[in-house]
Amino acid sequence: MDQQELIQEYARCVQDTTYAIETYLETYDNTQSRYVPFNLFPEQKMMLNNFENYNDNITKKYRQAGVSTATAAWVSKNLQFASKTRPEKILIIANKLDTDSEFANKVRGFLNQWP
């Protein structure tokens with residue numbers, strides 16, 4: 001990949017979160033007991049699109065909907081592509097220490113996957 005292609009790919013990832021996540025990230029699939037490409041469900045894509053377009057979001061969901069994992073991927077993308085002059089700040093709040101630690105570990109795991 002030459003310099004121009006790298007710049008175009010970078011720009012596409014900055015502009016299209018779904019593309020960036022599905023192209024570069026993997027998630028652990030318990031049913032297969034291995035890491036698999038992160039293919040977002042339509043509801044997850046809509047949620048991430050809403051994160052991009054609206055400051056305030058309320059999500060109504062069922063258990064194991066992948067909201068935490070998709071959100072952690074979105075957070076990692078924002079951290080990875082943040083401007084050096086205007087870095088991202090992320091605050092994690094949960095009802096238990098284990099829950100926020102687990103989320104932070106998910107974000108860290110995704111950050112380690114970006115090229």
Side-chain angles (χ1 to χ4, degrees):
M1 203 179 263
D2 67 11
Q3 179 92 11
Q4 184 62 31
E5 290 172 328
L6 284 173
I7 292 169
Q8 289 174 340
E9 181 67 10
Y10 184 88
R12 183 171 182 190
C13 288
V14 168
Q15 294 174 349
D16 188 347
T17 298
T18 298
Y19 169 79
I21 290 172
E22 290 187 331
T23 303
Y24 292 103
L25 299 184
E26 293 182 329
T27 187
Y28 191 79
D29 185 340
N30 281 329
T31 63
Q32 298 182 36
S33 299
R34 65 183 179 92
Y35 281 90
V36 297
F38 199 146
N39 294 316
L40 295 162
F41 295 115
E43 296 85 4
Q44 291 171 319
K45 290 178 184 179
M46 183 174 62
M47 179 187 71
L48 297 180
N49 186 49
N50 288 340
F51 286 171
E52 298 283 326
N53 293 311
Y54 304 103
N55 287 331
D56 300 316
N57 291 276
I58 297 173
T59 302
K60 181 179 175 185
K61 68 165 199 86
Y62 52 90
R63 287 190 46 73
Q64 301 300 315
V67 169
S68 296
T69 304
T71 301
W74 177 78
V75 167
S76 77
K77 185 257 183 182
N78 287 334
L79 291 171
Q80 184 67 27
F81 291 94
S83 167
K84 290 182 180 181
T85 59
R86 206 170 145 228
E88 288 286 331
K89 296 176 185 171
I90 305 297
L91 174 64
I92 302 170
I93 300 173
N95 61 345
K96 293 182 252 174
L97 179 60
D98 290 347
T99 305
D100 64 7
S101 296
E102 181 182 328
F103 186 81
N105 287 333
K106 281 184 184 186
V107 172
R108 190 175 297 112
F110 287 132
L111 281 171
N112 290 332
Q113 292 181 36
W114 292 105

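Between the side chain of Gln80 and the main chain of Trp114, no donor-acceptor pair closer than 3.5 Å is present. Between the side chain of Lys106 and the main chain of Ser101, no donor-acceptor pair closer than 3.5 Å is present. A donor-acceptor contact shorter than 3.5 Å links the side chain of Glu5 to the backbone of Asp2. Between the Thr71 side chain and the Ser68 main chain, no donor and acceptor come within less than 3.5 Å of each other. Of the possible polar contacts, none joining the Asp16 side chain to the Arg12 backbone as a donor-acceptor pair under 3.5 Å is found.
Side-chain heavy atoms closer than 4.5 Å link hydrophobic residues (I, L, V, M, F, W, Y) into clusters, and following such links, even through other members, never connects Ile21 to Tyr35. Both Trp74 and Ile90 are assigned to one and the same hydrophobic cluster, defined by single-linkage of ILVMFWY side chains at heavy-atom distances under 4.5 Å.
The side-chain heavy atoms of Phe103 and Val75, taken from C-beta on, include a pair separated by under 4.5 Å. With a 4.5 Å cut-off on side-chain heavy atoms, Lys77 and Thr18 do not count as touching.
By the neighbour-count criterion of 12 heavy atoms within 6.0 Å, atom OH of Tyr10 is densely surrounded, having more than that number from other residues, nucleotides or ligands.
For the ring-ring contact (aromatic ring centres under 6.0 Å, His included) with Phe38, the lone residue among Tyr24, Tyr28, Phe110 that qualifies is Phe110.
Across every non-hydrogen atom of Ala70 and Gln44, the tightest pair is CB-NE2, 3.9 Å. Scanning all heavy atoms of the two residues, the minimum distance from Val67 to Met47 falls at CG1-SD, 3.7 Å.
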